[in-house]
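Read the structure below first, then the notes.
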Amino acid sequence: RNVIKLFILTAGYHESRDLGSEHLDEWINSPTMFRFAKDYLVQLSTFCTLDLDMKVLKRILSLKMRSTTSSSSSSLHSASVAQNHFIPDCIAICLANNPEYPRFALRGYILNEILIPTTTANSQKKGGTNNNNNSNNNKNPN
């Protein structure tokens, strides 16, 4: 918890945002760390304004709530509140900070949701991957 508090206090520095965002997924899904991780996510959303913060933005966009196997109702409630309200609000705040961020997020969404499943489906229809053809297509014939 103290590490997260340190990252909250130093969120104004790019290096701190970069390092802290690497662990955000673990912290946001931990019932004991959720409250502090939520505060840190607010700080990241506020301070993530530079072009250098693209890695941080990518990590924020890729946050996923995992279901908890705990029988504790408070942890399940925390996860549902975060997934349904809190994380999308923080993403919206973050995307408003820089005019390049919405373009980056949309490009990432298109690549993840449309292009990659199509490529996977095509390779499965052909009977698997064809590494020799892919490597030959990438070579310059000149």
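For the single chain, residues carry numbers from 1 onward in sequence order.
L19 places a side-chain heavy atom less than 4.5 Å from the side chain of F7. Counting only heavy atoms from C-beta outward, the side chains of M54 and E100 approach each other to under 4.5 Å. Residues C94 and L44 have side chains not in contact (no heavy-atom distance under 4.5 Å, counting atoms from C-beta outward).
The same ILVMFWY cluster, assembled from side-chain heavy atoms under 4.5 Å apart, contains both V3 and I8. M33 and I60 fall within a single hydrophobic cluster, where Ile, Leu, Val, Met, Phe, Trp and Tyr are joined by side-chain heavy atoms under 4.5 Å apart, directly or via other members. Clustering ILVMFWY residues whenever any of their side-chain heavy atoms sit less than 4.5 angstrom apart, transitively, puts F47 in a cluster other than the one holding L6.
The CG atom of L111 sits 9.5 Å away from the CG atom of L106 when rounded to the nearest 0.5 Å. The structure places CD1 of I91 at 8.5 Å from CG of L57, a figure rounded to the nearest 0.5 Å. Distance check: I4 CD1 to F34 CZ gives 11.5 Å after rounding to the nearest 0.5 Å. Annotation: the span from R1 atom CZ to W27 atom CH2 amounts to 13.5 Å, rounded to 0.5 Å. Here the straight-line distance linking atom CG of D51 with atom OH of Y101 works out to 6.5 Å at 0.5 Å rounding.
Listed here is the closest heavy atom pair of L61 and A105: CD1-CB, 3.6 Å. In terms of heavy atoms, Y40 sits closest to L24 at CD2-CD1, 3.7 Å. Across all their heavy atoms, R17 and L50 have their closest contact at NH2-CD1, 3.7 Å.
Ion pair R59/D18 flagged as a salt bridge, since at least one NZ, NE, NH1 or NH2 atom sits closer than 4.0 Å to an Asp/Glu carboxylate oxygen.
Using a distance-only test at 3.5 Å, with no hydrogens or angles considered, no donor-acceptor pair links the side chain of T10 to the main chain of S16. With hydrogens and angles ignored, the 3.5 Å screen pairs no side-chain donor or acceptor of D25 with any backbone N or O of L63. Not one N or O on the side chain of D53 forms a donor-acceptor pair closer than 3.5 Å with the backbone of H14. Remark: the backbone N or O of V56 is not paired with any side-chain donor or acceptor of S21 at under 3.5 angstrom.
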